[in-house]
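Below, chains carry the letters A, B, ... as their sequence lines are ordered, and counting in each starts from 1.
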Protein chains: 2
Amino acid sequence: MLSKKTQYAFRALAHLALNYGKDPVRISTIALKEKIPLKFLENILVELKNVDLLESKKGKGGGYSLKISPKKINLATVIRVINGPIALLPCVSLNFYEKCTDCDEETCGIRKMMIIARDSTLKVLEKKTLNDIIIAKD
Amino acid sequence: MLSKKTQYAFRALAHLALNYGKDPVRISTIALKEKIPLKFLENILVELKNVDLLESKKGKGGGYSLKISPKKINLATVIRVINGPIALLPCVSLNFYEKCTDCDEETCGIRKMMIIARDSTLKVLEKKTLNDIIIAKD
DNA sequence: TAATGTCCTACCAAAATAGTAGGAATTAAT
DNA sequence: ATTAATTCCTACTATTTTGGTAGGACATTA
């Protein structure tokens, strides 16, 4: 399951996606409209900024905005940044790989099935974008 | 990600699947062969027994065995019993549904995408069985 | 009745999650 | 220049989940 933090991230990103191309949006505005704890949201937005999904402006008239088009931000990317691995086991993760203890990867049947499951999930999450989230709203 | 407990469960079940139709296998044997902490494994096997995936026999010559064919135990079932929900959000879980706070399910675009992701994952996990795990070993 | 096994209840330490607090740094307007 | 507005940084904290352990009760077989 995705953490609450990840759910907040999606809501905030969806909010910013609707404002793409317009003025930056203040953290406090997003927190209020999306009902996310303000200080917690701060942390989330900084993380998203650090991986260049968002850009920020300080001082009056400042706030956050998407750095790239909502059509170019897929759901897998967001999950990986805030939540971590998408795969069900560390030994089948593409971005957070860790070797299994006590398991021969060549012959492990569990691993083979988890790779199939991972690919099936990724096929959706890598294709769907923030834009799909906001157009699906109507 | 699946918990370590769930990984242990899969290993134990795979072990028992290879012994399907034969004599029951002692917990201590499984713990030793699969390198799983004995007392932890006890808990796991009891849980699997409580949902009728396993049956047990006490006393000398006792142990655990699969109650039904490895071909009839799919991976989604095992994950749900030991790990919990497969869906990425509580509000799209079929077996562990919980309503989102502050979100209209009819119009939520995040939810719509997570349903698609869930279905894609389930299509694999509900089709693949313990038997697929053990035949994939070779 | 003794030995062999599962089963039950309870506990515990470490890690992850979900925040909060307080102020430093930067920018823009006056 | 000063002030106000805003993000950014460091650190702390409470709660929940994870990954076990301990000890003995209960059931079965020989």
In one Ile/Leu/Val/Met/Phe/Trp/Tyr side-chain cluster, 4.5 Å: B/Ile110, A/Met1
no
Nearest whole Å is fine: how far is C/dT6 C1' from B/Leu45 CG?
10 Å
Pairs: protein N or O with nucleotides 22-24 of chain D N or O, under 3.5 Å:
unit_1	atom_1	unit_2	atom_2	d
D/dG23	O6	B/Lys39	NZ	2.4

Where do N or O atoms of nucleotides 16-18 of chain C meet protein N or O atoms at under 3.5 Å, pair by pair?
unit_1	atom_1	unit_2	atom_2	d
C/dA18	OP1	A/Lys4	N	3.4
C/dA18	OP2	A/Lys4	N	3.2

For residues 87-126 of chain A, which residue pairs qualify under ring pair (Phe, Tyr, Trp, His ring centres under 6.0 Å), counting only residues two or more places apart or in two chains?
none
Listed by chain and number, what are the side chain to side chain donor-acceptor pair (under 3.5 Å) partners of B/Asn50, not counting sequence neighbours?
none
Residues in side chain to side chain donor-acceptor pair (under 3.5 Å) with B/Arg11, at least two apart?
none
Is there a side-chain contact between B/Ser93 and B/Glu98 in this structure, where contact means two heavy atoms from C-beta onward sitting under 4.5 Å apart?
no
Side chains of residues 12-33 of chain B: which donor-acceptor pairs under 3.5 Å do they make with residues two or more places apart or in other chains?
unit_1	atom_1	unit_2	atom_2	d
B/His15	ND1	B/Glu34	OE2	2.8
B/Tyr20	OH	B/Ser69	N	3.2

In whole angstroms, the gap separating C1' of D/dT17 from CE of B/Met1 amounts to 15 Å
Rounded distance (Å) that lies between atom C1' of C/dG19 and atom CD of A/Glu47:
13 Å
To the nearest angstrom, how far is B/Leu48 atom CG from C/dT6 atom P?
14 Å
Interatomic distance, B/Lys49 NZ vs C/dG5 C1' [rounded to whole Å]:
12 Å
Would you call A/Leu130 and A/Leu66 a side-chain contact if the rule is heavy atoms closer than 4.5 Å?
yes
Would you give me the side-chain donor-acceptor pairs under 3.5 Å for residues 116-125 of chain B, sequence neighbours excluded?
unit_1	atom_1	unit_2	atom_2	d
B/Arg118	NH1	B/Val92	O	2.7
B/Ser120	OG	A/Ser120	O	2.7
B/Ser120	OG	A/Ser120	OG	2.7
B/Thr121	OG1	A/Thr121	OG1	2.8
B/Thr121	OG1	B/Ala117	O	3.0

Length of the CD1-P vector between B/Ile44 and D/dT18, whole Å:
13 Å
Value in whole Å for how far the P atom of C/dG5 lies from CG of B/Asp23:
12 Å
According to a 4.5 Å side-chain heavy-atom criterion applied to Ile, Leu, Val, Met, Phe, Trp and Tyr, with indirect links allowed, do A/Ile44 and A/Val81 form part of one hydrophobic cluster?
yes
Residues in side chain to side chain donor-acceptor pair (under 3.5 Å) contact with B/Lys67, at least two apart in sequence or another chain:
B/Asp52
Atom pairs, protein N/O to nucleotides 26-30 of chain D N/O, distance under 3.5 Å:
unit_1	atom_1	unit_2	atom_2	d
D/dA27	O4'	B/Lys58	NZ	3.4

Considering residues at least two apart in sequence or located in another chain, which fulfil the ring-ring contact (aromatic ring centres under 6.0 Å, His included) criterion with A/Phe40?
A/Tyr8
Relative to the 5' end of DNA chain C, which residue comes earlier, B/Gly62 or A/Leu38, by the nucleotide with the nearest heavy atom?
B/Gly62
Please name all residues satisfying side chain to side chain donor-acceptor pair (under 3.5 Å) with A/Asp104, sequence neighbours left out, ordered by chain then number.
A/Thr107
Starting from P on C/dT6, measure out to CG on B/Leu54 and report it in whole angstrom.
12 Å
Quick one: which of B/Leu75, B/Val78, B/Ile73 gives a side chain to side chain contact (heavy atoms under 4.5 Å, CB included) with B/Ile133?
B/Leu75
Does anything in residues 84-98 of chain B come within less than 4.0 Å of DNA chain D? Heavy atoms only, and list the residues if so.
none
Does a side-chain heavy-atom distance below 4.5 Å link B/Cys91 with B/Glu105?
yes
